[in-house]
Amino acid sequence: MHSLFPFDLYLVLSSDGCAGRDFLQVAEQAIRGGVDVIQIREKDLPFNEYVYRSLKLKSVTDRYNVPLIINDDVEVMLATNAYGIHVGNSDASPIDIRKDHEDAFVIGYSIEHLDQVQSGKALVSDYIAASPVFNTGTKTNTIIEWGLDGVAAIRRLSDKPLVAIGSMNRSNAGDVIRAGADCISVVSAICASDDPWEAALTIKKEITHAKKI
Ligand code: TZP
Ligand code: MG
């Protein structure tokens, strides 16, 4: 079946998390470097502000035909007409979201335990994310570190598009793809980089290379 998540390099960003730079510029440079899907991930913004910043970002992503995913908040996703939503285990359930909205948008779901890979939540989702693959300072309330073996174990249990997140960078992206991930998701290796364009370009090359062999 045609995948709704055929992407290779997934930038996750927050509007205040780009090392003092304008997040819209960082997003545009990253897209030019090869990022092919973007998630806006805000944890402390009021609804209106989350919508406002998401729409600003969407005006950039739309220009490049890059889909925008909203973290956590279904209402923000609906208000912005975004491509999809990403939820974890303490957010709205993918099952309920799917029930309420059928196939109106893409749902991504974070996997933090092997039992979740074939759960109802995962089965109704369009992609799953191994979260985190490696421990990271960007998100510290995590419950597992999957490692390469964990990515391979998830792969064996599911043929959903598998996103790898957590300390992904130019040095480990290839190994993680070879372990079974379809897509590499990055925060700091791009957002904190001196040159987001070059960072995206290099990580994308590693992914493309790993997929060829
Ligand atoms: N979910 C699992 S790890 C993570 C998220 C949002 C943060 C990844 O950030 P970084 O800087 O790419 O390690
Ligand atoms: Mg969440």
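Both ligands and their constituent atoms are indexed starting at 1 by order of listing. Quick caveat: nothing in here was measured; it's all calculated off a predicted structure.
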Item to check | Identity and distance of the protein heavy atom lying nearest atom 13 (O) of ligand 1 | outcome: T136 OG1, 2.6 Å
Item to check | atom 2 (C) of ligand 1: nearest protein contact (heavy atom, Å) | outcome: S131 OG, 3.1 Å
Checklist entry - Identify the closest protein heavy atom to atom 12 (O) of ligand 1: which residue and atom is it, and at what distance? => result V187 N, 2.9 Å
Checklist entry - Around atom NZ of K56, are there more than 12 heavy atoms of other residues, nucleotides or ligands at under 6.0 Å? => result no
Checklist entry - Side-chain donor-acceptor pair under 3.5 Å between E112 and N89, yes or no? => result yes
Checklist entry - What is the ring orientation for F7 with F5, classed by angle as parallel under 30°, tilted 30 to 60°, or perpendicular over 60°? => result perpendicular
Checklist entry - Any non-hydrogen atom of S167 lying under 4.0 Å from ligand 1? => result yes
Item to check | T136 side, atom OG1; I165 side, atom CD1 - distance, nearest 0.5 Å | outcome: 8.5 Å
Checklist entry - Is it true that atom NE2 of H209 has more than 12 heavy atoms of other residues, nucleotides or ligands lying nearer than 6.0 Å? => result no
Checklist entry - Looking only at protein heavy atoms, which one is nearest to atom 1 (N) of ligand 1, and how far off is it? => result K139 CD, 3.3 Å
Checklist entry - Mind checking whether T138 has an N or O less than 3.5 Å away from an N or O of ligand 1? => result yes
Item to check | Test of ring centre spacing under 6.0 Å for H86 and Y127 | outcome: yes
Checklist entry - Between S15 and E42, do the side chains contain an N or O donor and an N or O acceptor separated by less than 3.5 Å? => result yes
Next on the checklist: Taking 4.0 angstrom as the limit and counting only heavy atoms of P132, give me the atoms of ligand 1 inside it, by number and element.
Outcome noted: 3 (S)
Checklist entry - What atoms of ligand 1 come closer than 4.0 angstrom to any heavy atom of S188? => result 10 (P), 11 (O), 12 (O)
Checklist entry - Rounded to 10 degrees, what angle sits at the Mg ion (ligand 2) between D91 OD2 and D72 OD1? => result 90°
Next on the checklist: In this structure, does ligand 1 have an atom that sits under 4.0 Å from one of the heavy atoms of V12?
Outcome noted: no
